[in-house]
Asker: 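Quick one: this structure, given as structure tokens, is what I'll be asking you about.
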Amino acid sequence: MASFCSLTLILISIFAFSISIANSKTLKRDVKALNEIKASLGWRVVYAWIGDDPCGDGDLPPWSGVTCSTQGDYRVVTELEVYAVSIVGPFPIAVTNLLDLTRLNLRWNKLQDVLPPEIGELKRLTHLSLSFNNFKGEIPRELANLPELRYLYLQENRFTGRVPAELGTLQNLRHLDVGNNHLVGTIRELIRIEGGFPVLRNLYLNNNYLTGGIPAQLANLTNLEILYLSYNKMSGAIPTALAHIPKLTYLYLDHNQFSGRIPDAFYKHPFLKELYIEGNAFRPGVNPIGAHKVLELSDSDFLV
């Protein structure tokens, strides 16, 4: 009897929750913002966005790529994923009014011009992917205003200037990919903030125009697992301290101007699977570790 009563209560709760969702209204701020985005994105998205309410209205489902959650008496937009649909034009500034957004994915489009500093208004953002577009200009420092940000994908664009050192203040940032851009500067500048990047695991700086050497202070990023420096203009010796990063697994140094020897400690590292060194000026006898393969990100990785 007790179990029957418990089941009844659960069913009533689920029914009541369903009714509350059905009766809740989408926050006007989010409706306005999504309709502005709809007007700016063009036919490739508009044809799948039916009705005026992005969270669904009556018999109409939520707009494709839009995820909503209920907060009190209202529904708010928490995820926006519109990728690989050849959107052309500047970053849709109305996105920055979706203040409850936790995931924003606009990768594999044809977005261009600069990334506006207003992106720093999305305080709840945990995942941001703007990769494989045509953004130019500098990476905005305002990204450092996103305290919850864990994954930042900006690769395959046309960003210039330096990677903002302010990103090091992000206490939750685990993955930073700015590969395949036109970035300059040094790693020393990037990690100049003491205690920066405290939980960073993956750092992709490949295919840019970075110069200078690898500072021994990089070993302070003790959670680092992947360090991807391929195809830059970096030089100097490889510091032994780097081999003491506990979980370092993939280290790509290829196609730079590094010289000297690879410290023996790298060859004794318990986790290092790949050390790729081709296209440098190392002394004879320096050997790679493992079989090199290109590390690429899948859609499932983005959902971590």
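Below, all heavy atoms of this structure are taken into account, side chains as well, without hydrogens, waters or symmetry copies.
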Asker: Output the distance between atom CZ (R29) and atom CG (L34), rounded to the nearest 0.5 Å.
Answerer: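 Answer for the CZ-CG pair, R29 versus L34, is 10.5 Å.
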
Asker: Taking it one step at a time, do E166 and R141 satisfy salt bridge (Lys or Arg N to Asp or Glu O under 4.0 Å)?
Answerer: CA-CA 6 Å; E166 290 85 352; R141 288 177 169 79; 3.3 Å; yes

Asker: Using a 4.5 Å cut-off on heavy atoms from C-beta on, say whether the side chain of I191 contacts that of Q217.
Answerer: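 Of all side-chain heavy-atom pairs linking I191 with Q217, at least one is under 4.5 Å.
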
Asker: So, do L210 and T186 sit near enough that their side-chain heavy atoms are less than 4.5 Å apart?
Answerer: no

Asker: Would a single hydrophobic cluster contain both L248 and V286, if residues Ile, Leu, Val, Met, Phe, Trp and Tyr are joined by side-chain heavy-atom contacts under 4.5 Å?
Answerer: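 Looking at the clustering, L248 is in the same group as V286.
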
Asker: Can you tell if the side chain of L149 reaches within under 4.5 Å of the side chain of T126, non-hydrogen atoms only?
Answerer: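 With C-beta onward as the side chain, the pair stays apart.
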
Asker: Ignoring hydrogens and angles, tell me if any N or O in the side chain of N223 forms a donor-acceptor pair with the backbone of P198 under 3.5 Å.
Answerer: yes

Asker: Is the closest side-chain donor-acceptor distance between N134 and Q112 under 3.5 Å?
Answerer: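 The answer is no; no qualifying pair exists.
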
Asker: Minimum heavy-atom separation for P215 and R188, please, with both atom names.
Answerer: CB-NH2, 3.5 Å

Asker: Would you say N232's side chain and N208's backbone share a donor-acceptor pair under 3.5 angstrom?
Answerer: yes

Asker: So does K25 get a backbone contact from the side chain of K28, meaning a donor-acceptor N/O pair under 3.5 Å?
Answerer: no

Asker: Before you tell me yes or no, could you show the steps for N206 and L229 under side-chain contact (heavy atoms from CB on, under 4.5 Å), namely the whole-Å CA-CA distance, both residues' side-chain angles and the distance that decides it to 0.1 Å?
Answerer: CA-CA 5 Å; N206 54 292; L229 303 177; over 6 Å; no

Asker: What's the separation between atom CG in L203 and atom CG in L218, rounded to the nearest 0.5 Å?
Answerer: 7.0 Å

Asker: CD of E138 to CG of L183: how many Å apart, nearest 0.5 Å?
Answerer: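 One gets 9.5 Å once the value is rounded to the nearest 0.5 Å.
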
Asker: Look at the side chain of Q171 and the backbone N and O of T169, then say whether any donor-acceptor pair between them is shorter than 3.5 Å.
Answerer: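 It does hold such a pair.
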
Asker: Other residues, nucleotides and ligands only: do more than 12 of their heavy atoms fall within 6.0 Å of OH on Y267?
Answerer: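 Check passes, neighbour count above 12.
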
Asker: Do the rings of F91 and F135 sit parallel, tilted or perpendicular, given the 30° and 60° boundaries?
Answerer: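 F91 vs F135 ring planes: tilted.
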
Asker: So if I apply the ring pair (Phe, Tyr, Trp, His ring centres under 6.0 Å) rule between H175 and each of F197, Y228, Y153, which one comes out positive?
Answerer: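 Single pass found, and it is Y153.
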
Asker: Has N35 got a side-chain atom pairing as donor or acceptor with D52's backbone, closer than 3.5 angstrom?
Answerer: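 Yes; at least one donor-acceptor contact below 3.5 Å.
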
Asker: Can you see which heavy atom on N133 is nearest to which on N109, and at what distance?
Answerer: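 Looking at all heavy atoms of both residues, the closest pair is OD1-C, 3.0 Å.
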
Asker: Test your reading of the model: is there a side-chain donor-acceptor pair from W49 to the backbone of P54, 3.5 Å cut-off?
Answerer: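 Side chain of W49 to backbone of P54: no pair is present.
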
Asker: Taking side chain as C-beta onward, heavy atoms only, is L205 less than 4.5 Å from I187?
Answerer: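 A side-chain contact under 4.5 Å exists here.
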
Asker: Would R174 and L200 satisfy side-chain contact (heavy atoms from CB on, under 4.5 Å), going step by step from the backbone distance to the final call?
Answerer: CA-CA 4 Å; R174 302 175 186 177; L200 191 67; 5.7 Å; no

Asker: Could R162 and E189 be called an ion pair, given the rule that one side-chain N must be under 4.0 Å from one carboxylate O?
Answerer: yes

Asker: Assess the side chains of R75 and T26: does a donor N or O sit below 3.5 Å from an acceptor N or O?
Answerer: yes

Asker: Would a 4.5 Å heavy-atom cut-off, applied to side chains only, mark W63 and K38 as touching?
Answerer: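 Result yes, sub-4.5 Å side-chain heavy-atom pair found.
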
Asker: Is a donor on one side and an acceptor on the other found under 3.5 Å between the side chain of N256 and the backbone of L253?
Answerer: yes

Asker: Report yes if the side chains of T249 and L272 come closer than 4.5 Å at any heavy-atom pair, otherwise no.
Answerer: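 SC-SC contact between T249 and L272 ruled out.
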
Asker: If you take all heavy atoms of Q155 and N181, which pair is closest and at what distance?
Answerer: CA-ND2, 3.9 Å

Asker: Test side-chain contact (heavy atoms from CB on, under 4.5 Å) on L251 and I289 and set out the steps.
Answerer: CA-CA 9 Å; L251 176 58; I289 296 174; over 6 Å; no

Asker: Show the nearest heavy-atom pair for residues A243 and A265, with the distance to one decimal.
Answerer: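 Minimum heavy-atom separation between A243 and A265: CB-CB, 3.6 Å.
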
Asker: Quick one: pull up OG in S259 and CZ in F282 and give me the separation to the nearest 0.5 Å.
Answerer: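 The distance works out to 7.5 Å.
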
Asker: Is the closest side-chain heavy-atom distance between I214 and P239 below 4.5 Å?
Answerer: yes

Asker: Quick one: is the NZ or CZ of R107 closer than 6.0 Å to the six-membered ring centre of Y83, and within 45° of its axis?
Answerer: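 Judged by the rule (NZ or CZ under 6.0 Å from the ring centre, within 45° of its axis), R107 counts as positioned above Y83.
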
Asker: What's the separation between atom CG in N145 and atom CG in L122, rounded to the nearest 0.5 Å?
Answerer: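 That separation rounds to 11.0 Å.
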
Asker: Strictly distance-based, threshold 3.5 Å: is any side-chain N or O of D177 a donor or acceptor partner for the main-chain N or O of G179?
Answerer: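 Indeed, once roles are kept as given, a pair shorter than 3.5 Å links the two residues.
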
Asker: Using every non-hydrogen atom in the two residues, find where A33 and L98 come nearest and quote the distance to one decimal.
Answerer: CB-CD2, 3.7 Å

Asker: For the NZ atom of K247 and the CZ atom of F271, what is their distance to the nearest 0.5 Å?
Answerer: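 Result: 7.0 Å between the selected atoms.
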
Asker: Kindly work out whether a path of hydrophobic side-chain contacts (I/L/V/M/F/W/Y, heavy atoms less than 4.5 Å apart) joins V95 to V85.
Answerer: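 Linked within one cluster.
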
Asker: Spell out, as yes or no, whether a donor-acceptor pair under 3.5 Å connects the side chain of N172 to the backbone of P147.
Answerer: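 It does hold such a pair.
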
Asker: Going through the distances and angles, do L221 and I245 end up as a side-chain contact (heavy atoms from CB on, under 4.5 Å)?
Answerer: CA-CA 7 Å; L221 277 60; I245 298 177; 5.6 Å; no

Asker: Look at atom NZ of K32 and say whether more than 12 heavy atoms of other residues, nucleotides or ligands are closer to it than 6.0 Å.
Answerer: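 Check fails, neighbour count at 12 or below.
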
Asker: Look at the side chain of N105 and the backbone N and O of E81, then say whether any donor-acceptor pair between them is shorter than 3.5 Å.
Answerer: no

Asker: Between V66, V76, T78, D53, which is the residue that forms a side-chain contact (heavy atoms from CB on, under 4.5 Å) with D30?
Answerer: V76

Asker: If we only count heavy atoms from C-beta on, is the H182 to F159 side-chain gap below 4.5 Å?
Answerer: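 When only atoms from C-beta onward are counted, F159 and H182 do not touch, as no gap falls below 4.5 Å.
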
Asker: Could you report the tightest heavy-atom contact between L152 and L167, atom names first, then the distance?
Answerer: CD2-CD1, 4.2 Å

Asker: I'd like to know if I277 and F266 are part of one continuous hydrophobic network [Ile/Leu/Val/Met/Phe/Trp/Tyr, side-chain heavy atoms within less than 4.5 Å].
Answerer: yes

Asker: Checking side-chain contact (heavy atoms from CB on, under 4.5 Å) against L125, which of T102, L104, L99 comes through?
Answerer: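 With L125 as partner, side-chain contact (heavy atoms from CB on, under 4.5 Å) holds for just one option, L104.
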
Asker: Please enumerate all residues that pass ring-ring contact (aromatic ring centres under 6.0 Å, His included) together with H255, with sequence neighbours excluded.
Answerer: Y231

Asker: Between the side chains of E274 and Y252, is a donor N or O closer than 3.5 angstrom to an acceptor N or O?
Answerer: yes

